[in-house]
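Here the structure comes first, spelled out in structure tokens, and everything after it is commentary.
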Amino acid sequence: MKNFILGLVGVIVLGGIIAVALISIEKSKENEITESIQVESSEPLPYEYSKKGFEQRVHEMTHQKVYAEPKWGAFEMKEENIDMLLSVLGETEMENEESYREILNAWKKGDFSNSVEVHNSIWSSNEGDTGEAERLTTPEEEKIFVEENFRMD
């Protein structure tokens, strides 16, 4: 007969991915103790429910649509991510909420013409000194960015 003890070791959030480490300790009737650690991860979370975390996700999404060097971070500009950010707006009180809602709704409709302005607004509010967006990417530049950042098969 074995006794099982299951304990939560930690929860780690990195890049919007949550990882949960569980440790199980088995004790057999011979008093032998064995341990195993299991790590599970789930789908990306809505970054953080904070102004800074929300802005970071929006900023990272613009990287797919703007030409800027260098770029740090990437969050794919796709409908499910836009919907997730709109959901966060619906669940929390956010500074500049209406502006973000307009930005995200334009993106949801396929209008990314505001991406340079959005990128540089967030970039300057965070006192960026390198990486200002110069223009929208060409379709070829965007394709390369997507392949390098989201299609790493």
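This structure is a prediction, so every number in the text was calculated from the model and none was measured. The residues of the chain are indexed from 1 along the displayed sequence.
Summarising the geometry of W72 relative to Q56, their closest heavy-atom pair is O-NE2, 4.4 Å, with the distance given to 0.1 Å. Nearest heavy atom pair, residue L136 against residue S115, reads CD2-CB, 3.9 Å. For the residue pair L89 and E97, the shortest heavy atom distance occurs at O-OE2, 3.4 Å. Between R135 and V116 the shortest heavy-atom distance is C-CG2, 3.4 Å. Nearest heavy atoms, A68 versus G131: CB-O, 3.3 Å. The two residues I103 and N114 make their nearest non-hydrogen contact at CA-ND2, 3.8 Å.
In this structure, the separation between CD on E79 and CG on L86 is 10.0 Å, given to the nearest 0.5 Å. Between the CE atom in M94 and the CG atom in L85 there is a gap of 9.0 Å [rounded to 0.5 Å]. Between M84 atom CE and L104 atom CG the span is 9.5 Å, to the nearest 0.5 Å. Atom-to-atom distance recorded for F112:CZ and T62:OG1 is 11.5 Å, nearest 0.5 angstrom. We find the CG-CD distance between N120 and E132 to be 4.5 Å, quoted to the nearest 0.5 Å.
Contact annotation: the side chain of F54 never approaches that of T92 to less than 4.5 Å [non-hydrogen atoms, C-beta and beyond]. Between T130 and W123, every side-chain heavy-atom pair lies at or beyond the 4.5 Å cut-off. Side-chain contact between H119 and V58: absent, with no pair of heavy atoms (C-beta onward) separated by less than 4.5 Å. Counting heavy atoms from C-beta outward, E148 and F150 have side chains that stay 4.5 Å or more apart.
The cationic group of K71 lies under 6.0 Å from the six-membered ring centre of F145 and within 45° of the ring axis, placing it in a cation-pi geometry.
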Verdict with reasoning, W107 to V118, per side chain to side chain contact (heavy atoms under 4.5 Å, CB included): CA-CA 11 Å; W107 292 353; V118 171; 4.2 Å; yes
Using the rule given for side chain to side chain contact (heavy atoms under 4.5 Å, CB included), can you reason through K143 versus T137, listing the C-alpha separation, both sets of side-chain angles and the distance that settles it, and then say yes or no? CA-CA 9 Å; K143 182 179 178 186; T137 57; over 6 Å; no
Could you go through N81 and R57, starting from their C-alpha distance and side-chain angles, then the distance that decides it, and tell me whether this counts as side chain to side chain contact (heavy atoms under 4.5 Å, CB included)? CA-CA 9 Å; N81 290 340; R57 277 296 193 220; over 6 Å; no
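V66 and I122 fall into different hydrophobic clusters, where Ile, Leu, Val, Met, Phe, Trp and Tyr residues are linked whenever their side-chain heavy atoms come under 4.5 Å apart, directly or through other members. Note on V146 and Y67: separate hydrophobic clusters, where clusters join Ile, Leu, Val, Met, Phe, Trp and Tyr whose side-chain heavy atoms are under 4.5 Å apart, directly or indirectly.
The closest donor-acceptor contact from the side chain of Q64 to the backbone of M77 lies under 3.5 Å. Put simply, the side chain of S121 never gets that close to the backbone of E117: no donor and acceptor are under 3.5 Å apart. A donor-acceptor pair under 3.5 Å is formed between the side chain of N105 and the backbone N or O of R101. Looking only at distances, no side-chain donor or acceptor of E102 sits under 3.5 Å from a matching main-chain atom of S99. Side chain of N149 to main chain of A74: no donor-acceptor pair is present (N/O by atom type, distance under 3.5 Å, no hydrogens or angles). A donor-acceptor pair is defined here as one N or O able to donate and one able to accept, closer than 3.5 Å; no such pair exists between the side chain of D111 and the backbone of A106. Judged by distance alone, the side chain of S124 and the main-chain N or O of E127 form no donor-acceptor pair under 3.5 Å.
Just one residue in the list K65, H59, E60 forms a side-chain hydrogen bond (donor to acceptor under 3.5 Å, both in side chains) with H63, and that residue is H59.
Atom CD of E93 has 12 or fewer heavy atoms from other residues, nucleotides or ligands within 6.0 Å.
The existence of a salt bridge linking E76 and R151 is confirmed by a sub-4.0 Å separation between a basic side-chain nitrogen and an acidic carboxylate oxygen.
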